[in-house]
2 protein chains.
Amino acid sequence: MFQGEYTNNMDEKGRVNIPASFRDVLQKSYNETSIIVARDPQNMCLRAYPQREWRRLLAKIGARPSNDRIVQAFKRTVISSAQEYAPDKQGRVLIPQSLRSYAGISKSAVFAGSVDTFEIWDATAWDEQLTASLALLQNQDLDF
Amino acid sequence: MFQGEYTNNMDEKGRVNIPASFRDVLQKSYNETSIIVARDPQNMCLRAYPQREWRRLLAKIGARPSNDRIVQAFKRTVISSAQEYAPDKQGRVLIPQSLRSYAGISKSAVFAGSVDTFEIWDATAWDEQLTASLALLQNQDLDF
DNA sequence: GCGCATAGTGGGTAAAGGTGGGTAATTGCG
DNA sequence: CGCAATTACCCACCTTTACCCACTATGCGC
């Protein structure tokens with residue numbers, strides 16, 4: 001499973017290195033090499049899926065009535081942006097301009113494991129959302 | 001079980017020695033050698049879990065609705081930061097920069113046993129929270 | 001008090017992970 | 001159909017991490 005947090009730099013060509021440990025998980029747990037990258041509709045970040053997980057998501061969508069407004073919106077934002085990327089020999093992928101600007105990634109990118117997918121954030125956006133999340137949890141009664 | 005308080009120094013490479021007694025507990029009570037280290041969302045410290053305890057935590061999270069805001073925040077802060085570390089031959093682990101800065105650990109680190117997990121604090125932060133905790137207990141009616 | 005065992009610290013070296021950049025192939029557009 | 005811009009692929013470098021060895025400090029038993 002994808003876990004841990006890594007920071008890698010995007011170069012001038014728009015390439016970023018996928019953390020080696022994530023590539024390992026992809027290889028060993030899924031026996032795949034390429035990933036599907038799409039917008040995350042609820043956060044200003046991108047989400048990367050192994051093919052198997054992506055298919056599971058598609059199946060879930062497919063099970064819903066296709067005239068549902070939420071489903072339509074989801075298709076428009078997420079499905080439309082999704083694309084498969086194969087890392088190059090150095091383990092990097094080229095993130096297209098549209099996705100880059102959606103997530104606001106300029107240079108420093110954070111990869112955050114999220115069990116069966118992982119998120120890609122701009123470093124400063126990540127920090128902000130991290131402090132926000134921490135503040136939310138601060139006064140909570142967590143029983144776990 | 002993990003108990004007691006130990007202070008060890010982090011070297012320039014970011015490595016700290018896990019107290020031998022904690023490694024013993026890990027070995028004898030859990031039959032494991034590596035630990036999962038993650039942020040503690042409610043304190044400015046890190047928390048180390050034996051795999052078994054970590055799995056228990058994941059199961060608890062998994063049992064909750066995944067669209068719950070608290071659960072999401074928890075995943076972001078804790079799960080994303082979690083990583084497994086195997087101590088080297090000397091019993092040390094390398095704490096990554098992001099976790100180090102979260103806990104504010106510069107040099108001196110305090111390891112505090114907490115039954116089935118243990119906490120890792122910056123020494124001065126530990127002192128502060130210790131006095132705060134003592135002050136809190138001062139006027140309480142403790143029946144234990 | 002001395003010596004041994006164990007815990008903790010410092011540092012060198014080889015491998016792996018990550019970064020920068022050049023050139024060939026491809027795409028898209030006039 | 002040709003040119004410019006983008007993308008794919010490859011090579012080489014640098015930084016970080018993993019692994020190993022040796023040393024120091026501390027505590028315990030004799």
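Letters A, B, ... are given to chains in the order of the sequence lines, protein chains preceding strands, and every chain is numbered from 1.
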Check DNA chain C against [range] and give the residues with a non-hydrogen atom under 4.0 Å, in numerical order.
| range | answer |
| --- | --- |
| residues 86-98 of chain B | B:Gln90, B:Arg92 |
| residues 2-16 of chain A | A:Asn8, A:Asn9, A:Asp11, A:Glu12, A:Lys13, A:Arg15 |
| residues 102-119 of chain B | none |

- Message: Strictly distance-based, threshold 3.5 Å: is any side-chain N or O of B:Gln3 a donor or acceptor partner for the main-chain N or O of B:Val115?
- Response: no

- Message: Among B:Arg55, B:Glu53, B:Arg47, B:Glu84, which residue satisfies the side-chain contact (heavy atoms from CB on, under 4.5 Å) criterion with B:Ile36?
- Response: B:Glu84

- Selection residues 92-109 of chain A - residue pairs positive for salt bridge (Lys or Arg N to Asp or Glu O under 4.0 Å), sequence neighbours left out: A:Asp11-A:Arg92, A:Asp88-A:Arg92

- Pairs in or reaching into residues 121-137 of chain B: which pass salt bridge (Lys or Arg N to Asp or Glu O under 4.0 Å), with residues at least two apart or in two chains? none

- Query: For the atom pair OG (B:Ser81) and CG (B:Leu46), what is the distance rounded to the nearest 0.5 Å?
  - Reply: 8.0 Å

- Residue list, side-chain hydrogen bond (donor to acceptor under 3.5 Å, both in side chains) with B:Arg39, at least two apart or on another chain: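 In terms of side-chain hydrogen bond (donor to acceptor under 3.5 Å, both in side chains), with neighbours along the sequence ignored, B:Arg39 is linked to A:Glu5.
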
- Item | Those residues that, when tested against A:Asn17, pass side-chain hydrogen bond (donor to acceptor under 3.5 Å, both in side chains) (two or more places apart) |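 In terms of side-chain hydrogen bond (donor to acceptor under 3.5 Å, both in side chains), with neighbours along the sequence ignored, A:Asn17 is linked to A:Arg23.
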
- With sequence neighbours left out, what residues match B:Phe111 under ring-ring contact (aromatic ring centres under 6.0 Å, His included)?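 Scan of B:Phe111 (ring-ring contact (aromatic ring centres under 6.0 Å, His included), adjacent residues dropped) gives none.
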
- Message: Tell me the closest heavy-atom pair linking A:Gly113 and A:Phe118, and the distance in Å.
- Response: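 In this case the closest contact between A:Gly113 and A:Phe118 is CA-CB, 4.0 Å.
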
- Item | Check: B:Phe22 ring centre within less than 6.0 Å of B:Tyr6 ring centre | yes

- Within a reach of under 6.0 Å around CD of B:Gln27, are more than 12 heavy atoms found that belong to other residues, nucleotides or ligands? yes

- Message: Taking atom CZ as the centre, does B:Arg52 end up with more than 12 heavy-atom neighbours from other residues, nucleotides or ligands that are less than 6.0 angstrom away?
- Response: yes

- Message: I need the CD-C1' distance between B:Gln83 and C:dG17, as an integer number of Å.
- Response: 13 Å

- Task: Can you tell me the distance, in whole Å, between the CZ atom of A:Phe22 and the P atom of C:dA16?
- Result: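 Taking atom P of C:dA16 as the reference, CZ of A:Phe22 is at 21 Å.
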
- Task: Mind checking side-chain contact (heavy atoms from CB on, under 4.5 Å) for A:Gln138 and listing every partner two or more places apart, or none if nothing turns up?
- Result: none

- Task: Using side-chain contact (heavy atoms from CB on, under 4.5 Å) as the criterion, list what pairs up with A:Ser98, not counting sequence neighbours.
- Result: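 Applying side-chain contact (heavy atoms from CB on, under 4.5 Å) to A:Ser98 gives A:Pro96.
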
Check nucleotides 24-30 of chain C for protein N or O atoms closer than 3.5 Å to its own N or O atoms and list the pairs.
none

Table of protein N/O atoms under 3.5 Å from nucleotides 13-15 of chain D N/O atoms:
none

- Message: I'd like to know if the side chain of B:Gln83 pairs up with that of B:Tyr85 as donor and acceptor (distance under 3.5 Å, no hydrogens or angles considered).
- Response: yes

